[in-house]
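Right, one structure below, let's go through it.
We name chains A, B, ... by the order of the sequence lines, and we start the count at 1 in each one.
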2 protein chains.
Amino acid sequence: MTSRPVSLRDIAEKLGISVKTVSGALNNNSIRMSEETRERIRTLADEMGYQPNEIARGMRAGVMPIVGLLADGLVTQPFATEILRQFDNLLRSQGLTVIVTSIHSGEHTEKSINELRRLMPQQIVYASMFHQAIDLPEAVRRQISLMLNCFDIHGEIPSLVPDEEFAGYEAATFLLDGGRKRIAYLDLPGLIAGSLRAAGFRRAMSERGETVRNDWLMPATKGALYSDRARSLVKATIEAWFSASEAPDGIICGNDRVAMEVYNSLRRVGRIIPDDVAIISFDNQVDIARRLDPPLTTMALPHREIGRFAGDIVTGRKPIPQGLARIPFRLVERSST
Amino acid sequence: MTSRPVSLRDIAEKLGISVKTVSGALNNNSIRMSEETRERIRTLADEMGYQPNEIARGMRAGVMPIVGLLADGLVTQPFATEILRQFDNLLRSQGLTVIVTSIHSGEHTEKSINELRRLMPQQIVYASMFHQAIDLPEAVRRQISLMLNCFDIHGEIPSLVPDEEFAGYEAATFLLDGGRKRIAYLDLPGLIAGSLRAAGFRRAMSERGETVRNDWLMPATKGALYSDRARSLVKATIEAWFSASEAPDGIICGNDRVAMEVYNSLRRVGRIIPDDVAIISFDNQVDIARRLDPPLTTMALPHREIGRFAGDIVTGRKPIPQGLARIPFRLVERSST
DNA sequence: ATGAAAGCGCTAACAT
DNA sequence: ATGTTAGCGCTTTCAT
């Protein structure tokens with residue numbers, strides 16, 4: 001039994017003035033108007049519980065207070081949702097609604113964009129579950145204003161990505177500073193994150209004059225990491241490393257899931273973390289990292305920061321970055337180092 | 001340089017007929033109209049790439065093709081997102097857009113509903129990250145048509161929840177069928193899921209004439225499970241159980257995260273899974289369950305089923321359930337049993 | 001300073 | 001069977 005919402009006209013009639021005047025008063029246009037009138041109108045609007053009809057507004061403006069988010073795997077694979085959460089919070093506080101559409105690695109992107117467009121969003125943002133390069137057709141590219149956790153291979157769309165290389169550098173530096181010298185690395189094959197983190201690792205090692213042994217920089221899986229036919233090599237690799245005459249005293253794991261397997265394998269070969277081997281990793285997938293025994297030291301992906309930054313850009317509080325903006329990881333120190 | 005989208009009027013002018021006729025043709029109303037005319041109009045509309053303006057439609061109808069979803073922790077805590085994913089997919093296939101608003105255990109619900117309402121959704125659904133009882137004020141209750149993974153304590157709103165009791169029953173039965181007799185249970189204190197699963201466990205045991213030992217039905221944490229000051233009791237409990245003269249040969253873990261701790265603790269007391277102890281759990285949080293060593297047998301939460309069911313209800317393909325509909329879990333057998 | 005009127009794109013009610 | 005009119009709620013001319 002809810003009654004019809006109050007419209008501008010309801011207010012205007014009650015005051016015996018025109019709709020336009022009310023509209024002007026509430027929107028601060030109509031430069032000339034006595035402050036008194038304006039105030040009177042505002043008060044009455046509040047009293048009557050006036051809420052502007054966004055649909056009507058949208059129709060007039062040709063745009064709705066909506067921002068579309070193309071989520072590439074973001075909804076499916078839950079762990080990057082922090083990006084979305086921060087982004088959503090920020091936009092909401094500005095009266096904007098985020099509409100999420102999940103897609104899968106660029107497939108059906110055009111169709112999804114068209115669906116989104118039906119609701120006339122102000123802009124459309126593309127976010128990926130993991131750090132990847134995206135190749136979109138030209139017609140699609142023109143419609144996307146920002147990319148999160150991924151980037152446009154054509155370099156046309158501003159992008160916010162985690163600074164993987166620097167994270168690899170920091171992880172290695174952290175182990176080196178802790179006195180570890182014989183550092184091994186379990187790479188994530190087929191992932192941008194993997195190769196950049198490995199590059200940072202190499203840079204840190206070379207700056208410190210440490211050698212990177214070829215047999216200590218191994219892929220964690222056979223085949224690209226997230227593919228269906230990826231087979232874990234962790235157990236075999238750890239067994240090989242720790243049956244040789246010289247074993248690593250620190251392992252950098254491509255990500256927390258790899259670290260979880262490393263923990264299992266180290267137990268089998270009877271090594272103690274961190275006494276025998278220090279472990280550091282990437283991502284900070286808290287369900288895993290915090291619960292491992294001992295809790296895992298890891299470089300936290302800056303998902304939160306990316307989400308906030310993106311929100312600030314979309315709401316115009318920060319300038320649009322040129323090209324690629326690299327956001328730093330945060331070291332979360334626990335007990336594995 | 002995109003041109004203005006084509007409107008009904010564009011089509012009408014081109015054909016020299018009235019707007020209304022075009023509208024009627026495309027919407028199958030206007031009962032009387034030669035099939036030929038209708039077809040001609042349709043063809044031209046397609047050619048011109050006509051897309052109905054949903055905003056204008058919404059303004060006319062007073063409702064948008066939108067369903068609001070109040071997500072209680074759903075976005076924050078990523079692991080129940082499967083509900084959302086299925087729900088979203090189903091609605092999308094019917095031309096409906098889901099708008100998610102995250103809230104926190106009933107706080108700000110009214111404000112969030114009002115925000116949602118600005119976009120004039122057809123209905124509003126409430127979904128919770130975990131199975132809980134929700135107490136909403138009357139004014140709010142009236143606006144919610146369905147609750148997912150939680151229920152209205154006033155019993156007024158149709159609800160879809162996992163059948164926790166039966167899952168507990170099935171987990172226990174599975175261990176019993178596997179020849180285990182001395183079954184212990186690690187409960188989730190302060191959670192509906194916990195007490196119902198425990199009840200099912202008791203029922204199965206009593207049906208089989210097995211006794212439930214008081215000291216073998218213990219809480220996994222001190223304090224409610226997800227509260228900040230919950231402290232894990234798993235390690236101490238396992239140590240106590242396995243230093244006594246008679247130890248369990250099967251453990252039912254309140255959920256997969258508890259199981260992860262049980263694995264760690266069992267290693268410390270030198271027991272082998274499943275040789276010495278079978279482990280079964282609840283949730284099927286795949287990142288954890290599949291990666292534990294050995295992989296964990298667990299009762300999978302029916303999130304997917306809840307999402308689908310909800311989608312079918314909202315799109316009118318299934319009738320609205322009366323009161324509480326309990327959706328069964330699915331047993332995922334791995335190597336811990 | 002305020003009001004009147006037009007129009008955004010669509011559909012329902014009412015003619016013809 | 002097709003066309004005309006009106007109106008959803010809002011904002012933007014243009015007039016007063």
Would you list the protein and nucleotides 3-5 of chain C atom pairs, both N or O, that sit under 3.5 Å from each other?
residue: C/dG3; atom: OP2; partner: A/Ser18; partner atom: N; Å: 3.2
residue: C/dG3; atom: OP2; partner: A/Thr21; partner atom: OG1; Å: 2.8

Check: B/Ser7 main-chain N/O paired with B/Asp10 side-chain donor or acceptor under 3.5 Å = yes
Would you work out how much the helix from C/dA1-D/dT16 to C/dT16-D/dA1 bends between its ends, with each end axis defined by five base pairs, to 10 degrees?
-> 50°
Residues in side-chain contact (heavy atoms from CB on, under 4.5 Å) with B/Ala310, at least two apart?
-> B/Phe87, B/Leu146, B/Leu148, B/Leu160
Can you sort out the partners of A/Arg118 under salt bridge (charged side-chain N to carboxylate O under 4.0 Å, His left out), two or more places apart, ordered by chain and number?
-> B/Glu54
Taking only residues two or more places apart in sequence or in another chain, which ones pass side chain to side chain donor-acceptor pair (under 3.5 Å) with A/His108?
-> none
Between A/Gln143 and A/Arg117, does any side-chain donor sit less than 3.5 Å from a side-chain acceptor?
-> yes
Salt bridge (charged side-chain N to carboxylate O under 4.0 Å, His left out) with A/Glu110: which residues, sequence neighbours excluded?
-> none
Just jot down the side chain to side chain donor-acceptor pair (under 3.5 Å) partners of A/Arg42, sequence neighbours excluded, or say none.
-> A/Asn28
Who are the side-chain contact (heavy atoms from CB on, under 4.5 Å) partners of A/Glu138, not counting sequence neighbours?
-> A/Arg141, A/Arg142
Under-4.0 Å side-chain N/O to phosphate OP1/OP2 contact, B/Ser23 with C/dC10 = no
Residues in side chain to side chain donor-acceptor pair (under 3.5 Å) with A/Glu13, at least two apart?
-> none
Under the salt bridge (charged side-chain N to carboxylate O under 4.0 Å, His left out) rule, collect the residues that match up with B/Asp312, sequence neighbours excluded.
-> B/Arg317, B/Lys318
Provide, to the nearest angstrom, the distance between the CD1 atom belonging to B/Ile55 and the C1' atom belonging to C/dG7.
-> 17 Å
When the distance from CZ of B/Arg38 to C1' of D/dA1 is rounded to whole Å, what number comes out?
-> 11 Å
Rounded to the nearest angstrom, tell me the gap between atom CE in B/Met64 and atom P in C/dT11.
-> 13 Å
Taken to the nearest whole Å, CG/B/Asn27 to P/C/dG9 is 17 Å
Here the distance between atom C1' of C/dG9 and atom CD1 of B/Ile11, to the nearest Å, is 12 Å
For B/Ser18, the side chain to side chain donor-acceptor pair (under 3.5 Å) test, sequence neighbours excluded, returns B/Thr21
With the criterion being N/O to N/O and under 3.5 Å, what pairs connect the protein with nucleotides 6-9 of chain D, and how long is each?
residue: D/dG7; atom: N2; partner: B/Arg60; partner atom: NE; Å: 2.7
residue: D/dC8; atom: OP1; partner: A/Arg9; partner atom: NH2; Å: 3.4

